[in-house]
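Encoded as structure tokens, here's the structure I'll be asking about.
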Amino acid sequence: MAHILQTSFLPSTSTLRRAPISASKRRSQSLRVKAKIREIFMPALSSTMTEGKIVSWMKSEGDKLSKGESVVVVESDKADMDVESFHEGFLAAIMVEEGGVAPVGSAIALLAETEDEIAEAKAKSQSSSGIGSAQVVKEKPKQKEELEQAVPAVAPTASSTKTVALGSAVHPASEGGKRIVASPYAKKLAKELKVDLGTVVGTGPLGRIVAKDVEAAAAAASVVAAALPASPAIAAPVASGIELGTVVPFTTMQGAVSRNMVQSLSVPTFRVGYTITTNALDALYKKIKSKGVTMTALLAKATALALAQHPVVNSCCRDGNSFTYNSSINIAVAVAIDGGLITPVLQDADKVDIYTLSRKWKELVDKARAKQLQPHEYNTGTFTLSNLGMFGVDRFDAILPPGTGAIMAVGASQPAVVASKDGRIGMKNQMQVNVTADHRVIYGADLASFLQTLAKIIEDPKDLTLGHER
Amino acid sequence: MHSICSQATAVPRSNFAFDSHAPALPTSKPINLRFCGLRKEAFGFSGLTHSCSSRVRFTSRGHSKRISASAENNGTPPKSFDYDLIIIGAGVGGHGAALHAVEKGLKTAIIEGDVVGGTCVNRGCVPSKALLAVSGKMRELQSEHHMKALGLQVSAAGYDRQGVADHANNLASKIRSNLTNSMKALGVDILTGFGTVVGPQKVKYGKVGFPDNIVTAKDIIIATGSVPFVPKGIEVDGKTVITSDHALKLESVPDWIAIVGSGYIGLEFSDVYTALGSEVTFIEALDQLMPGFDPEIGKLAQRVLINPRKIDYHTGVFATKITPAKDGKPVTIELIDAKTKEPKDTLEVDAALIATGRAPFTNGLGLENINVETQRGFVPVDERMRVIDANGNLVPHLYCIGDANGKMMLAHAASAQGISVVEQVTGRDHVLNHLSIPAACFTHPEISMVGLTEPQAREKAEKEGFEVSVAKTSFKANTKALAENEGEGIAKLIYRPDNGEILGVHIFGLHAADLIHEASNAIALGTRIQDIKFAVHAHPTLSEVLDELFKSAKVKATALSHVPVSEPVAV
């Protein structure tokens, strides 16, 4: 769960540029034009080559080709080779994009004899682009991942993208914004991440745009983009219900969840459970509920205070070689929203007083519903809480979000018959918590003592309301 | 003093009026074509007011009494000589000539006004190789993907700039002292001061402020080398606008450096700077980067050495004005379109490296005393390196080798020319085959070449009416390259299928610079493909890339009829 959502919510449709058009309709036409429109095939560059990857197209659609001219660079199992055109004509349609893979002998582009036939050839390529686009789609998610990684912890807010043009105009060299001064790598990144350099604030020497500025801008842009198209896309299936017997592709958010879940399999996790008596906490909650305090905030606060005493449980393992001790305690709380889930983060939950924390929580939930959370509001968590108690679930098991050390699954608090040490039998409200942790950094004893501390805090919750200004 | 080693870009060769000697040097013409043809800014050389400080000073003290006294008999050569051979300039070319002269029993002196070793050892190939060694290692350590594939784990690689700079400097000092000692040990007299030809077989030398000395020699070799060429409009301050001379000291590693010129020097420095964390912008006057390389090699090199790195480029533009950084302002570079001459862009960068080629260092050599006119600074010579005077006649006993004659601006070419001259003056006629001289660019991976490029070969073939074939092999199929996880690269052979003659070989890949010699030796010795393909290569080695290359060439059966050169020996 959780970090799942540090995604950029890219509309996934962009990769399907060549949506197949009814093939049957075109067939007769394509037969007719075959004589003049030739296919360029993936060549066999070595005896062992079965498929080739398009490294780059040296010509663009519409370019004139002479016989023997290099058209495309193909990477085989052995080498990168230039592929030459055997005929004269115009490169009418590219069927396998750069980065795409095609089997030897399959068509990768169409060559039209005359300029007039380019349109025909294009139409033909759309009807038969099977392999090409399928393979390209496979390649694309990689780029998207890169983009996600590029999302920095703190991104400029959406509104700041507006002010940007002013920012870059400050550069003495930019001649009042006419000229953009960006470093070579910043330009490369901008092209890759499709960022308009004109809207980027430069923070480099003399206001020059450097790589990190582009990354920040890309992150900000993706959040803005996410907020808009994501809602109708996700809302639609929910509103109309689920159509049985259909296969529905993941939304970007769901895709991100899926990847993070699979990624979590590479982390050696283990679980430790604990039963905590909540009578005192329930009483406190009843008392301060009217001041806007929520149970989520109370649990987050209690967890944060316990974490403050056990920094190792707030750590994570980034590279497999070291502990990363986080400087602040940021409690991420999983929230279900339609079609997915998101983890708004209560930052510095150990330091912020319970009332402020509760207000902050409400604000975050509202933002999450409106899909307006900024990246730093959902991807900076150091410890995650997942609470299914409201559904009556008494215990469950959570998957550790990649990049963090531990997650706590909280069950419902229920009255139970308890035997006390002095031999009596009584009724107590109890809830079960179950912590999943990365055993590379957090060991059994660490979790055990953390849970002991947490239980103490919850069973004697006076500390939870300390430090408030009211 | 010195030819600049393989990393040097030559000054715009094609612009030179070499054609004026064309009848005199028929063989040298094709040679001139491209090795050094990494043309940069094709500025007219009219603005070449190269103030090589000490030389200029030298002319001002031109007429001391002592000289005017001796100048009376300038016109007549002396009867007996102080030396058999005097070499002006102790660079790699002069050094090579001196060593060979001693071997041939000549009494030899070498005149050096600066430091022994010349450009190559002090400001060229030698220190740059030290920097490139560092950049290669940094690249490897930084490539997490590469390391992972080998199963290695390395935590963050970093470097200490001063340490890297010291490595380059120490290497230069060491090689310089090796060079000096080798000449001293052999009995070569090292005369200190700037040498000037005062008449036939007569040279004077001396330091500023000291009386000049006159020495005579039976033969004289000019080997004064070259200096970085800086087009007009570019102000070099040595800090933010620099030439290779400054860059090799690595006094700073700028965040963003523009490199004017994408030939050998520019390319190698882009390799160093990007490995050390800089971003690079190339400014190239021609329409494509890396002009002068075989086009196919150039394309691949661009794909590997430019595109994936933090490099961008402007092609088809001249840098008309470059102003160093000062008062908090960055270095500004004004670009104009190379064809239309219209202003195109202005760049603001942290530093600019001028790698637009090399200009000959021949001012103050006294060539006017013997009626020799330089051509854009180069000393005109024939194919035997004999100096040609203003009337087109050979100047007896006077030779010019290396960068100063501009035939092929490579350190080892200068040395080879020097050896060729010594052969001639000791009674054996010798003409150096420049087509057998290899060249290399020490990027990661390296680029190397010998002989003709494919377009040159095709042009020649058309003119002379023979057929040209091309064979290629890839490093991706080589065991050793794959073991190193460095499978990127190709080798390309251009040959005549009718007789198996090797016309050119171009290599881009791991250790290409070391691999080229099998091909260059074959060209030098006239070995044909049908013979060399039976030579055995150790397995697994990178040399098998060339083995495979020769084996994949298809020489026509008619050429195969004769038996391999060497007789089999039973063991």
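In what follows, chains carry the letters A, B, and so on, assigned in the order in which the sequence lines appear, proteins first and then strands, with residues in each chain numbered from 1. Only heavy atoms go into these numbers, but all of them, side chains included; no hydrogens, no water, no symmetry mates.
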Handout entry: Part of B/K472 lying under 4.5 Å from any heavy atom of chain A
Key = neither
Handout entry: chain A contact via B/D345 - side chain, backbone, both or neither, heavy atoms under 4.5 Å
Key = side chain
Handout entry: More than 12 heavy atoms of other groups within 6.0 Å of A/K64 NZ
Key = yes
Practice task
Indicate the atoms forming the closest heavy-atom contact of A/A182 with B/W256, along with that distance.
Solution key: O-CH2, 3.1 Å
Exercise for the section: Report the option among B/K299, B/K310, B/R309 that has the most heavy-atom pairs separated by less than 4.5 Å from atoms of chain A. Expected result: B/K310
Practice task
Calculate, to the nearest 0.5 Å, the distance between atoms CD1 and OG belonging to B/I257 and A/S183 respectively.
Solution key: 14.0 Å
Handout entry: salt bridge (Lys or Arg N to Asp or Glu O under 4.0 Å) assessment of A/K191 paired with B/D312
Key = CA-CA 12 Å; A/K191 209 172 157 195; B/D312 69 349; over 6 Å; no
Practice task
May I ask you to test the B/V280-A/Y185 pair for a side-chain heavy-atom distance under 4.5 Å?
Solution key: no
Exercise for the section: Would you check if A/V210 and B/E279 make a side-chain contact, meaning some heavy-atom pair closer than 4.5 Å? Expected result: no
Handout entry: Exceeds 12 heavy-atom contacts within 6.0 angstrom, atom NZ of B/K551
Key = yes
Handout entry: CZ/A/R318: more than 12 non-hydrogen atoms of other groups inside 6.0 Å
Key = no
Completion exercise
Closest heavy-atom pair, A/K188 versus B/I311, reported as atoms and distance to 0.1 Å, is NZ-O, 2.9 Å
Handout entry: pair B/D255-A/P205: side-chain heavy atoms closer than 4.5 Å
Key = yes
Handout entry: A/N321 versus B/Q153, closest heavy-atom pair with distance
Key = OD1-OE1, 4.4 Å
